Amino acid sequence: MRIGYPCVNETLDCTSATTFRLASYNDERLVQTVATNLACLQRILEYNVERGLLFFRLSSGIVPFGSHPINTYPWQHHFAAEFRQIGDYIKANNMRVSFHPDQFVVLNSPDEGIVQRSIAELVYQGSMFDLMELDSKAKLQIHVGGLYGDRDLAISRFIATYRTLPEAVRVRLVIENDDRLFSLQDCLRVHEAVGIPILFDNFHHECLNHGEPMAEALQLAAGTWDPNLDGPLMMDYSSQQLGERKGKHTSSLEEELFREFLPNVGNLEPDIMLEIKDKEASALRAVAILRELGRVPALPEPTA
DNA sequence: GACCGTCAAGGTGCG
DNA sequence: CGCACCTTGACGGTC
């Protein structure tokens with residue numbers, strides 16, 4: 001069981017997703033920006049390892065315009081050594097990493113152009129895992145997509161597109177149950193058709209479900225992961241921000257709710273991503289709780 | 001130096 | 001039909 005947080009470290013004075021405007025694109029600017037993003041990513045990973053935070057969602061913005069046609073620079077070649085070094089560090093410290101391409105990646109869109117741009121984005125993000133020499137346990141996490149007024153058709157379009165994906169993307173792709181459109185049940189239908197693992201989101205499941213108790217839902221999702229190829233279940237954890245719109249993530253970890261949730265995972269040992277606004281502050285509190293319960297080691301793993 | 005409108009990309013749902 | 005929302009920072013033009 002590893003605990004993590006997404007993309008941004010609020011303690012350090014750097015970000016791994018510095019970008020610039022499309023209008024000011026040039027290769028020199030690209031190289032400079034990727035260099036500082038990778039340097040910052042390395043610092044964040046070190047910060048995490050020193051504190052026992054061994055799960056991390058990498059920012060999709062490491063390479064600005066990474067899948068945009070304007071970016072023809074061979075950054076994969078130019079930064080091969082840096083990516084490899086980061087991958088070595090991840091592996092040496094038994095970390096788990098993921099990407100979560102944003103809402104523009106929609107594999108089941110009826111618009112072929114959107115589908116092609118989505119695939120290009122997945123290829124870009126998957127290629128960063130390849131450069132890090134990480135295996136298929138490093139995941140690309142997306143949602144099923146839009147409904148377009150016909151759930152069955154929307155699901156069948158996702159399945160058809162999935163089957164056309166490049167191998168490097170397909171082995172790493174996972175789908176997450178969402179809070180409004182595609183439930184765990186819908187994701188299970190997709191899984192049954194093509195074998196794709198389901199990344200479980202407890203909060204989304206609370207928002208949208210068919211009555212499955214939390215513990216049962218976790219078991220169903222975990223059953224879609226091949227331990228050898230996919231690794232342990234990944235899950236997103238959050239809870240409702242009181243007084244806000246349904247589905248709004250809490251601003252800080254609600255420790256009592258987290259403690260009440262934990263028994264639901266049983267002996268699954270999932271890697272848990274805290275989708276909580278204050279990032280590593282809450283992740284550190286979650287690790288402290290797991291240490292207290294004896295679910296993770298009392299001391300961080302030594303740095304290699 | 002501070003301010004603030006805007007930024008590659010999609011889809012839903014509300015008013 | 002148009003706009004806010006998801007989620008978010010920070011780019012970069014302007015004064």
Side-chain angles (χ1 to χ4, degrees), chain A residues 5-26 28-30 32-34 36-37 40-41 44 57-73 75 98-125 140-151 153-155 157-158 161 169 175-183 186 201 203-204 206-208 236-241 243-252 273-282:
Chain A
Y5 62 99
C7 304
V8 173
N9 181 294
E10 298 187 326
T11 307
L12 299 173
D13 60 357
C14 69
T15 91
S16 59
T18 297
T19 186
F20 48 86
R21 294 290 194 261
L22 180 60
S24 43
Y25 181 92
N26 64 63
E28 189 181 350
R29 184 86 183 262
L30 178 81
Q32 176 60 42
T33 304
V34 175
T36 60
N37 283 343
C40 181
L41 175 57
I44 295 173
R57 181 183 300 163
L58 307 180
S59 168
S60 303
I62 292 171
V63 179
F65 311 103
S67 67
H68 192 284
I70 198 172
N71 184 348
T72 57
Y73 185 83
W75 53 268
S98 62
F99 280 111
H100 191 345
D102 65 22
Q103 69 267 35
F104 305 110
V105 170
V106 187
L107 288 184
N108 75 344
S109 173
D111 181 329
E112 182 59 22
I114 290 169
V115 173
Q116 288 310 313
R117 285 191 288 279
S118 297
I119 293 172
E121 179 69 14
L122 292 171
V123 167
Y124 148 61
Q125 298 194 23
L140 302 170
Q141 162 187 1
I142 62 170
H143 296 280
V144 175
L147 270 182
Y148 312 98
D150 187 333
R151 181 178 308 271
L153 196 56
I155 287 177
R157 261 203 316 276
F158 181 95
T161 300
V169 168
I175 46 174
E176 172 190 354
N177 59 304
D178 70 68
D179 59 345
R180 292 178 308 136
L181 307 179
F182 293 99
S183 66
D186 295 319
D201 186 309
F203 185 31
H204 292 168
E206 286 174 11
C207 295
L208 178 66
D236 287 346
Y237 176 87
S238 191
S239 61
Q240 174 68 39
Q241 175 72 45
E244 290 280 351
R245 157 192 75 74
K246 181 183 175 187
K248 175 81 172 178
H249 291 182
T250 186
S251 56
S252 181
M273 178 71 57
L274 296 186
E275 286 200 317
I276 294 179
K277 195 170 175 54
D278 66 359
K279 306 289 178 181
E280 74 274 14
S282 283

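Chain letters run A, B, ... following the sequence lines, proteins first, then strands; residues in each count from 1. For clarity, every value in this text was computed on a predicted model and none was experimentally measured.
Nucleotide C:dT7 holds its P atom 15 Å from the CG atom of A:Asp278, rounded to whole Å. Atom pair A:Tyr148:OH and B:dG10:C1' shows a separation of 7 Å (rounding to whole Å applied). One interatomic measurement links the two molecules: CD of A:Gln241 to P of C:dC6, which rounds to 12 Å at whole-angstrom precision. Note: NE2 (A:His100) to C1' (C:dT7) measures 11 Å, nearest angstrom. Straight-line distance from the CG atom of A:Asp150 to the C1' atom of B:dG11: 16 Å, rounded to whole Å. Taking atom OH of A:Tyr5 as the reference point, atom P of C:dT7 lies 19 Å away to the nearest angstrom. Rounding to whole angstrom units, CZ of residue A:Arg151 and P of B:dG11 are separated by 16 Å. Distance CG (A:Leu22) to P (C:dG13): 13 Å, rounded to an integer number of Å.
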Are there any protein N/O atoms within less than 3.5 Å of an N/O atom in nucleotides 13-15 of chain B, and if so, which ones and at what distance?
none

For nucleotides 2-4 of chain C, which of its nitrogen or oxygen atoms have a protein nitrogen or oxygen under 3.5 Å away, and what is each distance?
none

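Looking at heavy-atom distances under 4.0 Å, A:Lys279 makes contact with sugar-phosphate atoms alone, never a base. Using a 4.0 Å heavy-atom cutoff across all strands shown, A:Phe65 reaches at least one base atom of the nucleic acid.
Separating the C1' atom of B:dA9 from that of C:dC1 is a span of 22 Å, rounded to the nearest Å. Across the P atoms, B:dG5 and C:dC5 are found 15 Å apart, a figure rounded to whole Å. C:dT8 and B:dT6 have their P atoms separated by 22 Å, given to the nearest Å. Rounded to a whole angstrom, the distance from the P atom of C:dT7 to that of B:dG13 is 15 Å. Separation of the P atoms belonging to C:dT14 and B:dA8 is 16 Å when rounded to the nearest angstrom.
Judged by distance alone, the side chain of A:Asn71 and the main-chain N or O of A:Pro64 form a donor-acceptor pair under 3.5 Å. Checking side-chain atoms of A:Gln240 against main-chain N and O of A:His249 turns up no donor-acceptor pair under 3.5 Å. Side chain of A:Asn177 to backbone of A:Asp201: a donor-acceptor contact under 3.5 angstrom is found.
Listed by chain and residue number, A:Cys40 satisfy the disulfide (SG to SG under 2.5 Å) test with A:Cys14 (two or more places apart in sequence, or in another chain). Listed by chain and residue number, A:Arg151 satisfy the salt bridge (Lys or Arg N to Asp or Glu O under 4.0 Å) test with A:Asp186 (two or more places apart in sequence, or in another chain). Every residue was checked against the salt bridge (Lys or Arg N to Asp or Glu O under 4.0 Å) condition with A:Arg157, not counting sequence neighbours, and none meets it. Applying the salt bridge (Lys or Arg N to Asp or Glu O under 4.0 Å) rule to A:Glu176 yields no partners; only residues at least two apart in sequence or on another chain are considered. Partners of A:Phe158 under the ring-ring contact (aromatic ring centres under 6.0 Å, His included) rule, at least two apart in sequence or in another chain, do not exist in this structure.
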Distance-only criterion, 3.5 Å: show the donor-acceptor pairs between side-chain atoms of residues 103-115 of chain A and protein atoms not counting sequence neighbours.
residue: A:Asn108; atom: OD1; partner: A:Gly146; partner atom: N; Å: 3.1
residue: A:Asn108; atom: ND2; partner: A:Gly146; partner atom: O; Å: 2.8
residue: A:Asn108; atom: ND2; partner: A:Ala154; partner atom: O; Å: 3.3
residue: A:Ser109; atom: OG; partner: A:Asp111; partner atom: N; Å: 3.0
residue: A:Asp111; atom: OD1; partner: A:Gly113; partner atom: N; Å: 2.8
residue: A:Asp111; atom: OD1; partner: A:Ile114; partner atom: N; Å: 3.3
residue: A:Glu112; atom: OE2; partner: A:Gln116; partner atom: NE2; Å: 2.7

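Stacking here means ring centres nearer than 5.5 Å and ring planes tilted less than 30 degrees, and by that measure A:Phe104 stacks onto B:dA9.
Contacts between residues 105-114 of chain A and DNA chain B, defined by a heavy-atom separation below 4.0 Å, involve A:Val106, A:Ser109, A:Ile114, listed by number. Taking a 4.0 Å limit (strictly below) on heavy-atom distances, residues 8-21 of chain A reaches DNA chain C at A:Thr15, A:Thr18, A:Thr19, A:Phe20, A:Arg21.
In this structure, A:Ser24 reaches the C:dG12 phosphate: one of its side-chain N or O atoms is under 4.0 Å from OP1 or OP2. Checking the phosphate oxygens (OP1, OP2) of C:dG12, a side-chain nitrogen or oxygen of A:Arg29 falls inside 4.0 Å.
The CD1 atom of A:Ile276 sits 9.0 Å away from the OG atom of A:Ser251 when rounded to the nearest 0.5 Å. Note that the OH atom of A:Tyr237 and the CD atom of A:Glu275 stand 12.0 Å from one another [nearest 0.5 Å]. Note that the CD1 atom of A:Ile142 and the CD atom of A:Glu121 stand 11.0 Å from one another [nearest 0.5 Å].
Checked against the 6.0 Å centroid criterion, the rings of A:Trp75 and A:Tyr124 qualify as a close aromatic pair. Taking the six-membered ring where the residue is Trp, the centroids of A:Phe182 and A:His143 are separated by 6.0 Å or more.
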* Structure fact -> Applying the Watson-Crick and G-U criteria (both distances under 3.5 angstrom) with [ ] for crossing and | for other-strand pairs, one obtains for DNA chain B |||||||..||||||
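A:Ser60 is not listed as a side-chain neighbour of A:Asp102, based on a closest heavy-atom distance of 4.5 Å or more.
At most 12 non-hydrogen atoms from other residues, nucleotides or ligands lie less than 6.0 angstrom from NZ of A:Lys277.
Under the salt bridge (charged side-chain N to carboxylate O under 4.0 Å, His left out) criterion, the residue pairs touching residues 7-16 of chain A are A:Asp13-A:Arg43, with sequence neighbours excluded.
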